[in-house]
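One structure is given below, encoded as structure tokens.
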Amino acid sequence: MSDAATSRPAGEVVLAARNIAKSYNGVKALKGVNFDIHRGQVTTLFGENGAGKSTLMKILSGVAQPTSGEIVLDGQPIVFSSSTDARNHGISIIHQELSLAPNLSVRDNIFMGREITGPTGVDYAEEERQVRRLLAELEEDIDPLTPVEELRLGQQQIVEIARALSVDSRILIMDEPTSALSATEVEVLFSVIRDLTAKGVSIVYISHHLEEALQITDHAVVLRDGNMTAYAPRADIDLEWIVRNMVGENYDLGSPPTGHDFGPIMLSVRDLTVPDPAGGGYNVVDRMSLDVRAGEIVCIYGLMGAGRTELLETVAGKLSATSGEIALEGKEISHLAIGERIARGLALVPEDRQRYGLVQTMSVGQNLSLASIREFTRGVFTSLRLERALIQKSIRNVTVKTDGPDVAIGSLSGGNQQKVVIGKMLATDPKVILLDEPSRGIDIGAKAEVFRILAHHAAAGQAVVFTTSEVNECLSIAHRIIIMRRGRISAEFTSDITKEKIMAASGEAVAA
Amino acid sequence: MTQSSANGISSPAAAARGTTSPIKLLLKGRAFFALIAIIIVFSFLSPNYLTVSNVLIMSSHVAIYGILAIGMLVVILSGGIDLSVGSILALCGVIAGALMQGVELKPLGVILFPPVWAVVVLTCALGALLGALNGILIALFRVPAFVTTLGVMYMARGIALLMTNGLTYNNLAGRPDLGNTGFDWLGFNRLFGVPISVLVLAALAVLTGLMLSRSSFGRWLYASGGNENAADLSGVPVKRVKITVYTLSGILSAIAGLVLSSQLTSAGPTAGTTYELTAIAAVVIGGAALTGGRGTVRGTMLGAFVIGFLSDGLVIIGVSSYWQTVFTGAVIVLAVLMNTIQYGARGIRQ
Ligand SMILES: Nc1ncnc2c1ncn2[C@@H]1O[C@H](COP(=O)(O)OP(=O)(O)OP(=O)(O)O)[C@@H](O)[C@H]1O
Ligand SMILES: [Mg+2]
């Protein structure tokens, strides 16, 4: 590794990790990593779920303390006592899991902990002005006074980014900043990043969207099992290089499963109309109809705010429709509670795993079994043996990387937490599976696995509906691609369509 | 809060794995060690403290708080709070007292003397009703738990005062010729030398413990308290869970009311004032998180015994009741401090 370090191209090192190791209760998340951040350049960190990327970034930004090793800032060893301390040294971080206070407004979140004060207390007007400027820079139309909990996940992510940008830091760490953003929003973010690097700001960028990350990177570093396994400047790398170093082999997202006939219509949605849950006075789903057959995989593509999440949430029973019908295997289910819909074979994997997917106070195993409690209840009591078996099966089915079923869910890496949410709903043995952005935050290997699992379930006669913001995912596995725009179906394609046509139908400016 | 909690928590399960270190062991078993320490200190200070008869007497006092604390635990696990338990205890005690005195049916010109079992059933039903009222307001009408139960606390206390005009029912013994004797059984009788009230507490604790750890309802409860949204989307009937826990808490308050008035052989409208706070204290000392989703019956029982054995011990060695209050407060603060250490102060990021 040291010879790799000496051969690095110009660009003075501003912040460096030297032999950083970190263990959690004896489990080694990082095993002596060296990592350099160059002035005015973008360093991208690649690695599988649980490779230690977030852990390394938490250490560099003062959120966590290393077990051994040191951090070097401008050539001087330094210890950050807290994230505030690191921020005072010009380092800020966008966390993978959003860390916003849902009850506070966008403005108050952005200035949380470093309010601008004037002679009469907090200068709200000035704060608001700055927030407006930041959001305009990010080309996002959000009112600074909206409470964060009323924003879509993607908008919350924008707020998180705006908060990091508002600090004027020299080093900006972005841990999966784009996992909930649309292609257009990503383009805007990239132009912001280019402006920043031109001003000499150093960026660390983490993403599981490999092609996207390649557009912006100057150096790539690959972590694997807590070790740095590869380093190269942009000129020397391509997609294949990343994947090979990340997982040791090449992955293909797969193709739509063939060789089975579609069965009867499993899910039928008729003229569904859903009003804006935030009270915006318009319909987020507007007289939409959709049929999905057994064995079929349907991808719903659309921009943020197209109504995909609301459509799935209404079908699952979380939101209620003002009109329309939802039928599962020909039987109307609109009047049923969520639990009854699950019992009949309808499962939803929600988009926001922290808020809607996981119970943070419970263990990995208890989270996995949460939706199938009835399956292992015999009479009054739950059967520990049956529950164990169910949990073990789920862990294997979705390949969760965990120290066992009894560890706290918060100790898993982001991608593995996502797999737990998927595993939990698959454990209910559904006939219709709805997945809202199932690939959010999972690595390329896991993504291939999730799609393999979905293909397998479809081949076994289940109906699969998933949403995504990545066109490639639609193209790789879906039998049918539905484009949603402003609550309606704007186009419908089979899998032999091109990427450009899909993006055009969704109302998206096609990236050059 | 839910959004940030995944980052940097030193979780209880993770802490449990590393139990080899003595500090962690001490931290985990803190309520247990506190109880042992209290017993040792007071046995030194007074020879009468650690005698079988005194321990049984103290335990029968603990029974009241303990029963209330079990109800409080299930409510707190769901992420709520129940401030009305002390008042429901008093109202149920007073109703039981009134029933024992006989119910006059004016138009018929007769006085009914219901047998004790009927008194017990009616009282528990009243407790359940008041608890369900709490639960329905909180779950279906989304009134915050703190406010709802504060309101019911005042109303129940007020009704108890109205019914008795502020006075106390003294004679609850019943009359053999009316066939309604036996109310003192709960408070005075013993089975194998153990007071009935303590046996009632033990039975309730075991049942609740089983419910929490082994029934699907228990799992629903921990999930709804840990993350209501996620539980809901996983098919947990969150509203039903909430209504049930407040109803349970109401029933347990009624039982505590029966035990207390039986022990005192009187039922007064001011009984149980501030007991809700003692019950909350027991739950917190027992390691439960006030934010919901974390806590056990075993911990709560230890918490109740810590409070009971501490305050009775202070009485025995002759420390003034004012000091007792100070000590109880100190124990509570210490307990919450330890909770923060165990669950990790970083759970809520700065
Ligand atoms: N607070 C914690 N307690 C215990 N173990 C932890 C904790 N945080 C992380 N780990 C462990 O450290 C390892 C690295 O996790 P990390 O979050 O850094 O992965 P990552 O590379 O960011 O993965 P992803 O792509 O899924 O976000 C994992 O095995 C994880 O289980
Ligand atoms: Mg991560």
Side-chain angles (χ1 to χ4, degrees), chain A residues 24-26 54 58 63-64 82-84 95-102 113 156 313 316 318 337-343 348 350 353-364 366-367 369-371 373-374 376-377 380-382 384 403 406-411 414 417 421 424-425 428, chain B residues 1-21 24 77 79 207 210-220 222-241 288-289 291-295 343-344 346-350:
Chain A
Y24 290 102
N25 299 303
S54 300
K58 283 181 194 160
V63 178
S82 66
S83 58
T84 320
H95 286 286
Q96 180 178 16
E97 307 298 346
L98 300 177
S99 57
L100 303 169
Q156 295 187 16
E313 285 181 347
K318 178 166 172 275
I338 298 175
E340 292 164 320
R341 295 185 202 204
I342 292 175
L348 168 70
R353 58 172 172 266
Q354 292 305 326
R355 257 212 270 178
Y356 295 108
L358 300 168
V359 179
Q360 286 80 4
T361 51
M362 291 178 131
S363 67
V364 170
Q366 288 172 331
N367 269 290
S369 67
L370 182 59
I373 295 176
R374 284 191 187 87
F376 55 87
T377 304
V380 196
F381 291 125
T382 55
L384 292 181
D403 285 348
D406 298 323
V407 305
I409 189 75
S411 73
Q417 295 186 21
V421 183
K424 169 179 77 173
M425 295 324 291
T428 64
Chain B
M1 166 70 214
T2 49
Q3 300 203 350
S4 67
S5 57
N7 289 303
I9 291 187
S10 94
S11 61
R17 260 189 297 153
T19 39
T20 36
S21 106
K24 278 183 183 158
L77 280 178
L207 278 177
L210 276 176
M211 177 186 87
L212 291 183
S213 63
R214 296 298 310 281
S215 75
S216 36
F217 180 82
R219 199 57 75 75
W220 290 348
Y222 280 106
S224 345
N227 183 351
E228 192 177 326
N229 287 321
D232 185 37
L233 272 183
S234 301
V236 173
V238 175
K239 293 195 168 114
R240 208 164 90 207
V241 168
T291 42
R294 281 191 175 119
Y343 295 140
R346 310 202 70 155
I348 301 157
R349 201 131 34 79
Q350 55 286 60

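Nothing here was measured: the structure is a model prediction, and the numbers come from that model. FYI, side chains are in, hydrogens and waters are out, and symmetry mates aren't considered; it's all heavy atoms of this structure. A note on names: the letters A, B, ... follow the listed sequences, proteins ahead of strands, and every chain is numbered from 1.
- Taking CZ of Arg355(A) as the reference point, atom CG of Leu233(B) lies at 11.5 Å (rounded to 0.5 Å).
- Looking only at heavy-atom pairs under 4.5 Å with chain A, the residue among Gly292(B), Gly235(B), Ala230(B) that has the most is Ala230(B).
- In this structure, the portions of Leu384(A) lying under 4.5 Å from any heavy atom of chain B include both its backbone and its side chain.
- Heavy atoms closer than 4.5 Å to chain B are found in the side chain of Ile342(A), but not in its backbone.
- Contact annotation for Glu313(A): neither backbone nor side-chain heavy atoms come within less than 4.5 Å of a heavy atom of chain B.
- Of the possible polar contacts, one joining the Gln360(A) side chain to the Gln354(A) backbone as a donor-acceptor pair under 3.5 Å is found.
- Heavy-atom distances place no part of Thr428(A) under 4.5 Å from chain B, backbone and side chain included.
- Take Arg341(A) and apply the salt bridge (charged side-chain N to carboxylate O under 4.0 Å, His left out) test, not counting sequence neighbours, and it matches no residue.
- We find the OG-NZ distance between Ser224(B) and Lys239(B) to be 12.0 Å, quoted to the nearest 0.5 Å.
- Of the possible polar contacts, none joining the Arg294(B) side chain to the Ala288(B) backbone as a donor-acceptor pair under 3.5 Å is found.
- Of the atoms belonging to Arg374(A), it is side-chain heavy atoms, and not backbone ones, that fall under 4.5 Å from chain B.
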